[in-house]
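Report on the structure given below.
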Amino acid sequence: MTYTHHNNELTMADIGTTVKLKGFVSKKRDLGNLVFIDLRDQEGITQLAFDADNPLKATAEAIKNEFVLSVQGTVRERSSKNPNLRTGDIEIDVATIEVLSTAKQPPMIIADETDALEDTRLKYRYLDLRRPRMHKILKTRHHITRVVREFLNGEGFYDLETPMLTKSTPEGARDYIVPSRNHKGSFYALPQSPQLFKQLFMISGFEKYYQIARCFRDEDLRADRQPEFTQIDVEMSFIDQEAVLAMSERMMQRLLKEIRGIDIKTPFPRLTYKEALERFGTDKPDTRFGMEHITLNAIFKATAFKVFKAVSDTGGLIKAINVKNGEKAYSRKKIDGLTKAIAKYGAKGLAFFKYDGSFSGPAVKFLSDTELENLKTKTGMEQGDLLLVVADKPSVVNAALNYLRNTIAKEMELYDEDTFDFTWVVDWPMFEYNEEDRRYYALHHPFTRIHDSDKTKIETAPDQVLAYGYDLVVQGQELGGGSLRIHDQDMQKAIFNVLGMDEAAQNAQFGFFLEALQYGTPPHGGIAFGLDRIVMLLAKTSNMRDVIAFPKTASAHCLLTDAPSHVSNAQLSELGLQKKSRDE
RNA sequence: GGUCCUGUGGUGUAGCGGUUAACAUGCCAGUCUGUCACACUGGAGAUCGCGGGUUCGAUUCCCGUCAGGACCGCCA
């Protein structure tokens, strides 16, 4: 027996027994004739005590933080107890001690209240991960994947694997590319998601698939975006949209209950994509509070106010949010700050109105009495309210007002962290026109099935075609998304046509898939959840690096291993590759 | 690709056109029998990210560069 207990286990009930413990030295307190050592392992902390007459006291005094020890001794009651510690009633009177490993002085304090900045933490990630807080998060992550697996196994899903070395595809994010040695000049790509493979499983006759799958996208990072991330990937045959949503709701319900002990109601409310954009200006609205967007175009059709008039005449949008009791909370100076903040979304200005029986604000003098009356009725302004108005092209207005709504709600504390307002955003448009490239793109992805009633519009009015696409949103974050898929090769080709892919391109990129569709394809659909985001949500952190054991920096650099790094010319030539100049 | 913020002992911060570069913590030594952020006394430890410029003089101001972070674009 290498040890008899973990360091969170011993209590008054164990007094008098001989135990063997191991762990890291978390903290030594040397009181002269009395030495205490906090021994930390995966589960917790136990205090070791060395009395004045203990022959090991000298040994204990030489021990430093983070040494790895194995000790044997007797459990005894403390003369002064620590109620903050699970094992705070007892301590170990040490009889033998073995130093399994010594330790250099660590570059950071290994405790929850570490003072190290994130780059230091990432460089010495293995030390950072010793902190109980990080242990707790990674254990929560494990707990979540365990519950997910149990749930999906229980619902009859098969955990099936898909390749990591696969084919690069043009649509979507930038691929991570892997050069082939056998086929010099050719490349694999790491999967952005197992999308086509899971559909092929359906064509293979598996009816319920899942995988906790690593995905790779070579795009710029954010606090909640890493170049490699994990999806809970699910696909089902012979089902409709309701089946996918209901299954997802059961899974989230189970997760919230088991991880946080929170009961949530199903079914989750639904918003159409169109509604979400109108009422919240985003496809991932935070629905924990009101302050919805109010469209004011109708009021200002013939206004004398030049700013609104110009926007109205050029097909722009005039929208507002009513900040209830915002008049006092938002001084002129703070509003100027908000105006500056929304400039990053392209908003050229922010009009504001205060109300205390009548409107006041810089723009009031440009508006007629009728317009002000209509404004009051439309926005429901009351004593002490603040109205913020943005007028510009729709994408700018929506982005700016969404930012304002979220920022102000946070500042005014209009919501609670533990409100889980799961919402489905459904009925996504199939296509989105890109002005720059002068072509349509798939809003979700090109394999999404469209509403039967819209089939005739594919060629005539692609931007009106709605798809069976759905996103799961909570607290203003996208947790997952999916769709019903096309199971008919003619329809699949028609979609590719709208996307501007000719037959040759379709065959080169997706020929294998178009062919597979010809051999009998069950109707199918699925969904994928961002595991990292689920962990963030349940572990209450806004930093994705906190929930990934070995994450990368904002520039996709691993500070621990220093990847990516140079490779030798020999390695390159084996792959048929040659570096261009500009070598350091 | 762009905007903004940060870079000073091991760690985290303060600071300022001329300083003995300050504080906390960690580290080392000593005192201490009940600590648990032990306490107290003393000590060591910094080419102020790197390069250039302005200046009599730059850690401080300016430019560039590198690194880290936040955001915009991007992420079907």
Side-chain angles (χ1 to χ4, degrees), chain A residues 26-39 45-54 57 61 64-66 76-85 87-88 91 104-124 127-128 169-175 192-193 195-196 215-227 229 340-347 395-396 399-400 403 407 428-432 434 436 440-448 467 469 478 481 483 495 499 528 530 542-543 545 552-555 557 559 562 584:
Chain A
S26 185
K27 185 79 191 170
K28 184 181 71 175
R29 288 177 296 279
D30 186 346
L31 275 66
N33 276 324
L34 189 60
V35 178
F36 298 110
I37 287 176
D38 286 342
L39 194 65
I45 283 180
T46 300
Q47 175 167 286
L48 312 178
F50 300 83
D51 297 334
D53 56 357
N54 190 326
K57 195 174 82 66
E61 276 169 345
K64 312 284 184 203
N65 284 349
E66 302 308 318
R76 71 181 185 200
E77 184 172 7
R78 295 197 195 185
S79 59
S80 70
K81 299 181 179 177
N82 182 354
N84 300 320
L85 202 61
T87 58
E91 65 191 3
K104 291 210 305 188
Q105 183 194 336
M108 55 190 279
I109 298 173
I110 299 176
D112 281 351
E113 325 78 49
T114 188
D115 48 0
L117 285 187
E118 213 174 348
D119 48 352
T120 310
R121 291 176 47 204
L122 290 180
K123 182 168 181 196
Y124 300 96
L127 297 180
D128 185 42
T169 52
E171 300 282 317
R174 202 176 288 117
D175 285 317
Q192 295 179 26
S193 82
Q195 183 59 37
L196 288 176
C215 304
F216 305 85
R217 293 178 191 175
D218 187 5
E219 297 292 347
D220 287 346
L221 309 181
R222 289 287 185 283
D224 63 348
R225 238 159 59 191
Q226 281 277 302
F229 59 98
K340 209 176 153 194
I342 60 173
K344 65 187 173 197
Y345 300 102
S395 58
V396 170
Y403 169 85
T407 305
W428 285 59
M430 182 67 207
F431 304 105
E432 187 177 44
N434 182 298
E436 235 169 81
Y440 284 97
Y441 280 90
L443 200 57
H444 196 67
H445 60 54
F447 315 105
T448 304
E478 180 199 333
S483 62
I495 300 294
L499 298 177
S542 55
N543 183 347
R545 292 180 295 273
K552 295 182 177 54
T553 66
S555 59
H557 181 198
L559 295 179
D562 200 33
E584 290 88 36

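Note on naming: letters A, B, ... go to the chains in the order of the sequence lines (proteins, then strands), and numbering restarts at 1 for each one.
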For this session: Using only side-chain N and O atoms of K27(A), determine if any of them is under 4.0 Å from OP1 or OP2 of U25(B).
Result: no
For this session: Send over the distance from I109(A) CD1 to G12(B) C1', rounded to a whole Å.
Result: 8 Å
Exercise. Below 4.0 angstrom, N of the basic side chain to O of the carboxylate: do D562(A) and K123(A) qualify?
Worked result: no
For this session: Provide the Watson-Crick or G-U wobble partner of A67(B), both distances under 3.5 Å; none if there is no partner.
Result: U6(B)
Exercise. Does R29(A) put a side-chain nitrogen or oxygen below 4.0 Å from OP1 or OP2 of U35(B)?
Worked result: no
Exercise. What is the base-pairing partner of A58(B), counting Watson-Crick and G-U wobble geometry with both distances under 3.5 Å?
Worked result: none
Exercise. Could you state the CG-P distance from L221(A) to G1(B), rounded to the nearest angstrom?
Worked result: 14 Å
For this session: If C16(B) has a Watson-Crick or G-U wobble mate with both distances under 3.5 Å, name it; if not, just say none.
Result: none
Exercise. Is the shortest side-chain N/O distance from H557(A) to OP1 or OP2 of G68(B) below 4.0 Å?
Worked result: yes
Exercise. Would you say a side-chain N or O of R222(A) is under 4.0 Å from OP1 or OP2 of C72(B)?
Worked result: yes
Exercise. Does the distance from a Lys or Arg side-chain N to an Asp or Glu carboxylate O, for D128(A) and R121(A), drop under 4.0 Å?
Worked result: yes
Problem set entry | Partner nucleotide, any strand, of G45(B) [Watson-Crick/G-U, under 3.5 Å] | none
Exercise. To the nearest Å, how far apart are Q105(A) CD and U11(B) C1'?
Worked result: 9 Å
Seminar exercise, completed: Of D38(A) and P106(A), the one whose nearest nucleotide on RNA chain B sits closer to the 5' end is P106(A)
Seminar exercise, completed: Of T553(A) and H445(A), the one whose nearest nucleotide on RNA chain B sits closer to the 5' end is T553(A)
Problem set entry | Nearest-Å distance for atom pair CG/P, residues L31(A) and C38(B) | 10 Å
Problem set entry | Nucleotide opposite A21(B) in a Watson-Crick or G-U pair, distances under 3.5 Å | none
Problem set entry | Step-by-step side chain to side chain contact (heavy atoms under 4.5 Å, CB included) determination, L559(A) to D119(A) | CA-CA 7 Å; L559(A) 295 179; D119(A) 48 352; 3.8 Å; yes
Exercise. Do side-chain atoms of T87(A) reach the backbone of Q47(A) as a donor and acceptor pair under 3.5 angstrom?
Worked result: no
Exercise. If only side-chain N and O atoms of N65(A) are considered, is one of them under 4.0 Å from the OP1 or OP2 phosphate oxygen of C27(B)?
Worked result: yes
Problem set entry | Nucleotide paired to G30(B) in any strand shown, Watson-Crick or G-U, under 3.5 Å | C40(B)
Problem set entry | Check: Q226(A)/R217(A) side-chain N/O donor and acceptor closer than 3.5 Å | no
Problem set entry | Side-chain N or O of N82(A) closer than 4.0 Å to phosphate OP1/OP2 of C36(B) | no
For this session: Could you state the atom-to-atom distance from NZ of K64(A) to P of C28(B) in whole Å?
Result: 4 Å
Exercise. Does R225(A) put a side-chain nitrogen or oxygen below 4.0 Å from OP1 or OP2 of G73(B)?
Worked result: no
For this session: Considering just the side-chain nitrogens and oxygens of T120(A), establish if one lies under 4.0 Å of OP1 or OP2 belonging to G12(B).
Result: yes
For this session: Verify the ring-centre separation between F431(A) and Y441(A): is it less than 6.0 angstrom?
Result: no
